Amino acid sequence: MFVGMEAAFASRVQAQLGVLEATPVTIQTPQELVAGDAPANHITIMVYQDCVAYLQDQIAAGTAPRAALQAWLDGIDVFLKALRARRALVFPVALNFALEEVDMLRTALITAYGCVFRNDAPPSVSAAPVHDPVVRFFAMEAFAKSATARKLQAELNASARVVDHRPAEKAPSIDTVYHALTTARNTQSELARNLREQTDLAKTKVDEAKDARNRSAQIESQIVILNEKHAEAKALLHEDIRWTRSELRSLMQQIDEVSAERSRLLDEVTRLTREVDARDAHIEAIRVSTSWRLTGPLRRFRRLFWR
């Protein structure tokens, strides 16, 4: 059974060790290991990654050092809980060692548990990619500042069943050291230039933000002035509306009075018209009467006499 701090770790180590003869292989998470009951004859290999190596991989992938450190602490906390619960029944091993020293790990498993591996196992691979010096610096700095990370790494190192016996590397040549220093200096210059550019950009953004705040303040003052003018115009408009309504009520009253007077005058005209019609009818009746015709010569004589 292979149990990894991350599932990919266990899969890589299982593939690198090769196929075990007549032995079923399972891959579990630390949570599954604690929750389940492994058979007594099961060989449990727990694979973890050292803090600095993990930080270098994560920082190189673009993760912030603090976030990468917290991710390692979260993962290793679960891993150590599973390791403490099954310490006597497991075989903890570091990922880099398991991938780079496959023969040594295979020999340790054969010696301790009598495992039988097939002969077509893959060769060792380099598990530690070459990282930029700046990445290594940030990884080492994050690890050095975290007492919790150092404590957990020490517990992992103490629990490991296989010790790394690789020979020490020989001292690098002067040319290699000079090249490394030159690369670090160029990297530092590049970082300084990028920092200056970012600083200039930040200053530009700050200036733009100040200009935006000033424009915003000007706009707000203009809005206040416009609101005051709007309030004054609104008050004047309301006053005009009240005056107009008053005038309209006065005009309506005058219209009502004129209408009443018109109705009265129409009634008077109608009455007078009827009186005139009655008088005309009376006069016409007199003119057509016999007495009026008989007295006609007398009226003419009277007019002549008066002349």
Side-chain angles (χ1 to χ4, degrees), residues 2-13 16 29-31 45-85 87 90-101 104-105 124-172 176-177 179-192 194-195 198:
F2 289 85
V3 179
M5 172 183 160
E6 294 184 4
F9 296 171
S11 300
R12 290 180 65 186
V13 172
Q16 195 65 31
T29 63
Q31 294 91 333
I45 301 175
M46 299 188 69
V47 185
Y48 65 91
Q49 189 174 21
D50 289 339
C51 182
V52 176
Y54 181 87
L55 292 179
Q56 288 186 102
D57 293 343
Q58 296 298 314
I59 295 173
T63 306
R66 183 176 298 179
L69 178 64
Q70 187 60 47
W72 185 85
L73 290 175
D74 294 340
I76 210 64
D77 183 61
V78 178
F79 183 87
L80 282 174
K81 287 180 180 177
L83 176 61
R84 292 163 188 154
R87 189 179 297 276
V90 299
F91 192 93
V93 60
L95 175 66
N96 291 0
F97 175 80
L99 297 179
E100 296 177 359
E101 301 293 340
M104 185 180 296
L105 177 59
S124 302
V125 298
S126 176
V130 178
H131 291 295
D132 187 86
V134 177
V135 173
R136 291 198 298 272
F137 170 78
F138 283 130
M140 292 297 297
E141 183 183 38
F143 176 73
K145 288 183 177 180
S146 175
T148 304
R150 297 197 304 272
K151 179 181 178 181
L152 296 180
Q153 184 64 60
E155 182 176 353
L156 288 172
N157 295 339
S159 300
R161 297 280 294 277
V162 178
V163 182
D164 189 353
H165 295 292
R166 286 174 293 183
E169 298 180 357
K170 64 178 182 179
T176 302
V177 173
H179 178 70
L181 290 175
T182 303
T183 303
R185 188 182 305 110
N186 293 337
T187 303
Q188 185 178 7
S189 300
E190 182 71 17
L191 290 175
N194 292 338
L195 180 60
Q198 293 296 328

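All of these numbers come straight from a predicted model, not from anything done at the bench. Sequence positions, counted from 1, serve as the residue numbers for this chain.
Atom CZ of Phe138 has 12 or fewer heavy atoms from other residues, nucleotides or ligands within 6.0 Å. Summarising the local packing, CZ of Arg150 is surrounded by more than 12 heavy atoms from other residues, nucleotides or ligands at distances under 6.0 Å.
Between Leu156 and Asp50, every side-chain heavy-atom pair lies at or beyond the 4.5 Å cut-off.
For the pair Asn194 (side chain) and Glu190 (backbone), a donor-acceptor distance under 3.5 Å is present. The backbone N or O of Cys51 sits less than 3.5 Å from a side-chain atom of Gln153, completing a donor-acceptor pair.
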Audit row: Asp74, Gln70, side-chain hydrogen bond (donor to acceptor under 3.5 Å, both in side chains) steps and yes/no: CA-CA 6 Å; Asp74 294 340; Gln70 187 60 47; 2.9 Å; yes
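Between Tyr54 and Ala71, the closest heavy-atom pair is OH-CB, 3.7 Å. Of all heavy-atom pairs between Leu55 and Pro65, the closest is CD2-O, 4.3 Å.
Between the OG1 atom in Thr63 and the CG atom in Leu69 there is a gap of 12.0 Å [rounded to 0.5 Å]. Here the straight-line distance linking atom CD1 of Ile76 with atom OG1 of Thr148 works out to 13.0 Å at 0.5 Å rounding.
Comment: Glu141 engages Lys145 in a salt bridge, judged by a side-chain N to carboxylate O separation of less than 4.0 angstrom.
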